[in-house]
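Given the structure is predicted, the values throughout are model-derived calculations rather than measurements.
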Amino acid sequence: MEECRKLNLPLMNRCISLSEMYSPAHVCVQQTCLDLLAEGKDVHIMVDGVSSQQAFDREIALQRMSQAGAYLSTAQSAAFMLMKSAEHENFKTVSKLTVEHMKLPNEFNDAMK
């Protein structure tokens, strides 16, 4: 677990709410998530930013983190939530990037077809 958090430790000590978006879901992300929840932190997992070699491992890890109290979201949803409203100065830019990004092939977009 300490190996997973080593690079982010100074940031994690200052934060109350954290977003996680890296791989693999069933190892470092899950361990870090559960530890941070135990410390009383809010944890938001960007599900389209985590992966595992086996889809089953990813699904079980996401279920466990959610059941433990982590918030599951997508990077797109998080970006819009952070802007809070369409009045944000970068709203149009982010919207345009989102539309372009959804046109790109990737495992998450393809799974929804």
K.L.:
Got a sec, which hydrophobics cluster with Met83, joining ILVMFWY side chains under 4.5 Å apart, including via others?
P.N.:
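Grouped by the 4.5 Å side-chain rule, Phe80, Phe91, Val94 form the rest of the cluster around Met83.
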K.L.:
Using only atom types and a distance under 3.5 Å, with no angle test, would you say the side chain of Arg64 pairs donor to acceptor with the backbone of Gln30?
P.N.:
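No; zero donor-acceptor contacts below 3.5 Å.
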K.L.:
Tyr71 vs Val43, test: side chain to side chain contact (heavy atoms under 4.5 Å, CB included). Steps then yes/no.
P.N.:
CA-CA 6 Å; Tyr71 299 98; Val43 180; over 6 Å; no
K.L.:
Among residues two or more places apart or on two chains, list those pairs meeting salt bridge (charged side-chain N to carboxylate O under 4.0 Å, His left out) that have a residue in residues 66-92.
P.N.:
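Of all non-adjacent pairs touching residues 66-92, none passes salt bridge (charged side-chain N to carboxylate O under 4.0 Å, His left out).
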K.L.:
Within the 4.5 Å heavy-atom criterion, are Val50 and Leu62 side-chain neighbours or not?
P.N.:
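They are in side-chain contact.
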K.L.:
Which residues satisfy the salt bridge (charged side-chain N to carboxylate O under 4.0 Å, His left out) test with Glu100, sequence neighbours excluded?
P.N.:
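Salt bridge (charged side-chain N to carboxylate O under 4.0 Å, His left out) list for Glu100, sorted by chain: Lys103.
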K.L.:
Of all heavy-atom pairs between Ala78 and Ser73, which one has the smallest distance, and what is that distance?
P.N.:
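Minimum heavy-atom contact is N-OG, 4.0 Å.
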K.L.:
With sequence neighbours left out, what residues match Ala68 under side chain to side chain contact (heavy atoms under 4.5 Å, CB included)?
P.N.:
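Counting only residues at least two positions away or on another chain, Ala68 forms a side chain to side chain contact (heavy atoms under 4.5 Å, CB included) with Leu34, Leu37.
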K.L.:
Which heavy atom of Ser51 sits nearest to which heavy atom of Arg58, and what is that distance?
P.N.:
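Taking every non-hydrogen atom into account, CA-CD, 4.1 Å.
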K.L.:
Leu82: which other cluster members, linking ILVMFWY side chains closer than 4.5 Å, directly or transitively?
P.N.:
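Noted: Leu82 shares its cluster with no other residue.
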K.L.:
Linking Ile, Leu, Val, Met, Phe, Trp and Tyr through side-chain heavy atoms less than 4.5 Å apart, which residues share a cluster with Phe56?
P.N.:
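Result for Phe56 is Ile60.
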K.L.:
What residues form a side chain to side chain contact (heavy atoms under 4.5 Å, CB included) with Thr74, not counting sequence neighbours?
P.N.:
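Checked Thr74 against side chain to side chain contact (heavy atoms under 4.5 Å, CB included); matches are Val47, Asp48, Gln76, Ser77.
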K.L.:
Grab the two heavy atoms, one from Ile45 and one from Val29, that are nearest each other, plus how far apart they are.
P.N.:
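In this case the closest contact between Ile45 and Val29 is CD1-CG1, 4.0 Å.
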